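Here the structure is a predicted model, which means the values were calculated and not measured. When a ligand or atom number is given, it counts from 1 through the structure's own listing order.
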Amino acid sequence: MRTAYSVETVRAAERELMARLPDGALMQRAAAGLAAACADLLGRVYGSRVVLLIGSGDNGGDALYAGARLARRGAGVTAVLLTPERAHAGGLAALRRVGGRVAGVDSADELIDRADLVVDGIVGIGGKGGLRAEAAPLASAAERSRAAVVAVDLPSGVDADTGEVRGAAIRADLTVTFGTHKPGLLVDPAREYAGSVRLIDIGLELPAEPELEALQHADVARLLPVPGAESDKYRRGVVGIAAGSSRYPGAAVLAVAGALRGGAGAVRYVGPAGDAVIARFPETLVSDRGPKKAGRVQAWVAGPGAGDDAAAVAEVLAMDVPVLLDADGLRLADRETVRARTAPTLMTPHAGEAAALLGVAREEVEGARLAAVRELAGRYGATVLLKGATTVVADPGSGSAAPGGGSGDGSGGGSRSGSRGGSRSGSRGGSRSGSRGGSAVRVNATGTAWLATAGSGDVLSGLAGSLLAAGLSARDAGSVAAYLHGLAGRFAADGAPAGAHDVAAAIPGAWRDVRE
Ligand SMILES: NC(=O)C1=CN([C@@H]2O[C@H](COP(=O)(O)OP(=O)(O)OC[C@H]3O[C@@H](n4cnc5c(N)ncnc54)[C@H](O)[C@@H]3O)[C@@H](O)[C@H]2O)[C@@H](O)CC1
Ligand SMILES: [K+]
């Protein structure tokens, strides 16, 4: 599991550790790791040209000490000081002792132009908002230059806690981060600015519950439902799909395609696209009598391509089994009905649908994904999977804050425990860091831009619904589905466009890859 902790938590852990260590020891650990990463990137340190961009805090201190280490190995190192009188004194002295040079901002462009490596020590976890006016031109110069750019702790200008980028920021090829990942390094848009991320252990002791977590192969393998000797189709779970319309029969076919690969023992389809579904997947149990009369089902998926069939959505929501709402189902579902449910609800909007539910612009959701997913989970008392460049999954207990920094409607998350899975703690949403009593937000790292294709979401909803029927909690079902779906997208596309049905067909390969 990859985990990320908030700035507040990192600061507390640092204080605790610093109290037990000699002065400056922590910064030396950070600088040693940073210098080693820079050396790896450079290949040959001797004779290389390194430019350090130095702000007024300890982030600059790390960069200066690392620069001194590189200078000792024969690199030509120049520190560009943004505020010379406030640059880290110890770090500056160390750099000067080994022959490092110091320059003002006016010569930065020319230096950066000729550099092999630019080290961004402008601002770290102490930063607020985008880069200030005097620092912004350095970010553009670094982006223009052919030099490799290494960010210290995080790219200057991105928000460490939220992944938001509000203004100019450094675009790094590599970010060397200390002690733990910060949430912003795992969530877009900041994630994109970070490049690849290298974590340096500086000995921080962190609490059990992170702010964010990203599943990895081993975690997903543990969660995947695997049939035992006693299994039959009912014990493995039956997933019901209420989707498709005469206008969009394909959505039903794709949701079923995903559901057949999600571990449930059987897939029931209810709706007007039964013929199309049967033609493609003869193993589907098809009914046209509505969800209530469809027979035994352990979890429902409602909404993909459903058009305006509000009745089917309402019928499904009235049943005491886990329900996944997607696409039209999100629009058609009554919020109070969702909040009042005692069985788990998993909502899977993309940014546009999330924006409509929140009543904000789509860009607002895309720029503040964590805030948006927490806010939605709180408002609906449901688990929410927000699809996108980084897919995030939040339980209602994961805190709540409106995108753009406003506060939500204050109604918070409904406290409830799921009828299965049972790992939801459901404390009320409130201030994000303060009363966050719920589980960590899950971030999916396997996504690929090739998945931005019509019907891809229908496959995901079927897959996640199938995992719900197999007994996973809403959070696990959503995050495992996103993981497999992302991987399947990579396998299906493999550098070329692929259709949603290709993605569905690649799910078994993703599943095997994870289990191996
Ligand atoms: N505290 C510790 O024990 C350790 C801290 N380390 C480093 O220290 C950093 C945190 O240091 P600080 O708390 O001094 O804070 P920073 O160095 O991150 O930044 C603080 C300074 O940046 C300025 N600033 C804030 N926002 C800005 C913006 N948007 N544009 C330009 N300047 C801005 C502020 O005026 C302030 O002086 C970490 O990110 C990490 O790099 C590491 O050395 C590891 C140990
Ligand atoms: K930085």
(request) Begin from the C-alpha positions of E8 and K182 and carry the test salt bridge (charged side-chain N to carboxylate O under 4.0 Å, His left out) through to its verdict. (result) CA-CA 11 Å; E8 195 185 331; K182 319 302 181 285; over 6 Å; no
(message) Using heavy-atom distances only, which candidate in L17, V158, V123, N59 approaches atom 19 (O) of ligand 1 most closely?
(response) V123
(request) Answer yes or no: does an N/O atom from G130 fall short of 3.5 Å to an N/O atom of ligand 1? (result) yes
(message) Counting only heavy atoms from other residues, nucleotides and ligands, does the tally under 6.0 Å from CZ of R515 exceed 12?
(response) no
(message) Between V152 and the K ion (ligand 2), is there a contact where an N/O/S atom of the residue lies under 3.4 Å from the metal?
(response) yes
(message) Test of understanding: given a 4.0 Å heavy-atom threshold, classify the contact between D153 and ligand 1 as side chain, backbone, both, or neither.
(response) side chain
(request) Considering only non-hydrogen protein atoms, determine which one is nearest to atom 10 (C) of ligand 1 and report residue, atom name and distance to 0.1 Å. (result) I125 CG1, 3.7 Å
(message) Looking at ligand 1, would R11 count as a contact under a 4.0 Å heavy-atom criterion?
(response) yes
(message) Need the atom name: nearest N/O/S atom of D120 to the K ion (ligand 2).
(response) O
(message) Working to 10°, measure the angle at the K ion (ligand 2) formed by atom O of L154 and atom O of V123.
(response) 90°
(message) Pairing donors with acceptors under 3.5 angstrom, does anything connect the side chains of S145 and D113?
(response) no
(request) Using the salt bridge (charged side-chain N to carboxylate O under 4.0 Å, His left out) rule, take R29 and D201 through it: C-alpha gap first, then chi angles, then the decisive distance, then the call. (result) CA-CA 8 Å; R29 287 183 190 175; D201 183 7; over 6 Å; no
(request) Would you mind checking which non-hydrogen protein atom is closest to atom 33 (C) of ligand 1, with the distance to 0.1 Å? (result) R132 CZ, 3.5 Å
(request) Can you pull out the closest protein heavy atom to atom 12 (P) of ligand 1? Residue, atom name and distance to 0.1 Å, please. (result) D58 N, 3.8 Å
(message) What I want to find out is whether E516 reaches R512 closely enough, with some N-O distance under 4.0 Å, to be called a salt bridge.
(response) no
(request) Ignoring angles and geometry beyond distance, decide whether M18 reaches within less than 3.5 Å of ligand 1 through its nitrogen or oxygen atoms. (result) no
(message) So is G61 touching ligand 1 or not, going by heavy atoms under 4.0 Å?
(response) no
(request) Check the surroundings of atom CD in E134: do more than 12 heavy atoms from other residues, nucleotides or ligands lie under 6.0 Å from it? (result) yes
(message) Just by distance, no angles: are the side chains of D161 and S6 close enough, under 3.5 Å, to form a donor-acceptor pair?
(response) no
(request) Would you check whether A135 reaches within less than 4.0 Å of ligand 1, judged by its heavy atoms? (result) no
(message) Heavy-atom pairs closer than 4.0 Å: do any link ligand 1 to the side chain of D62, the backbone, both, or neither?
(response) side chain
(request) Look at atom 21 (C) of ligand 1 and find which of A30, G126, S56 reaches it with the closest heavy atom. (result) S56
(message) Is there a polar contact, in the sense of an N or O pair closer than 3.5 Å, between G124 and ligand 1?
(response) yes
(request) Classify the contact between E14 and ligand 1 as side chain, backbone, both or neither, using a heavy-atom distance cut-off of under 4.0 Å. (result) side chain
(request) Would you tell me whether D116 and S48 have side-chain atoms, one donor and one acceptor, within less than 3.5 Å of each other? (result) no
(request) Report yes or no: does E353 contribute a side-chain atom to a donor-acceptor pair with the main-chain N or O of H350 at less than 3.5 Å? (result) yes
(message) Can you see whether S456 engages T453 through a side-chain donor-acceptor pair at a distance of less than 3.5 angstrom?
(response) no
(message) Can you tell me if R86 contacts ligand 1 (heavy atom of the residue under 4.0 Å from the ligand)?
(response) yes
(request) Working to the nearest 0.5 Å, report the span between CG of L70 and SG of C38. (result) 5.5 Å
(request) Under 4.0 Å from a heavy atom of G129: give me the atoms of ligand 1 that qualify, with their elements. (result) 29 (N)
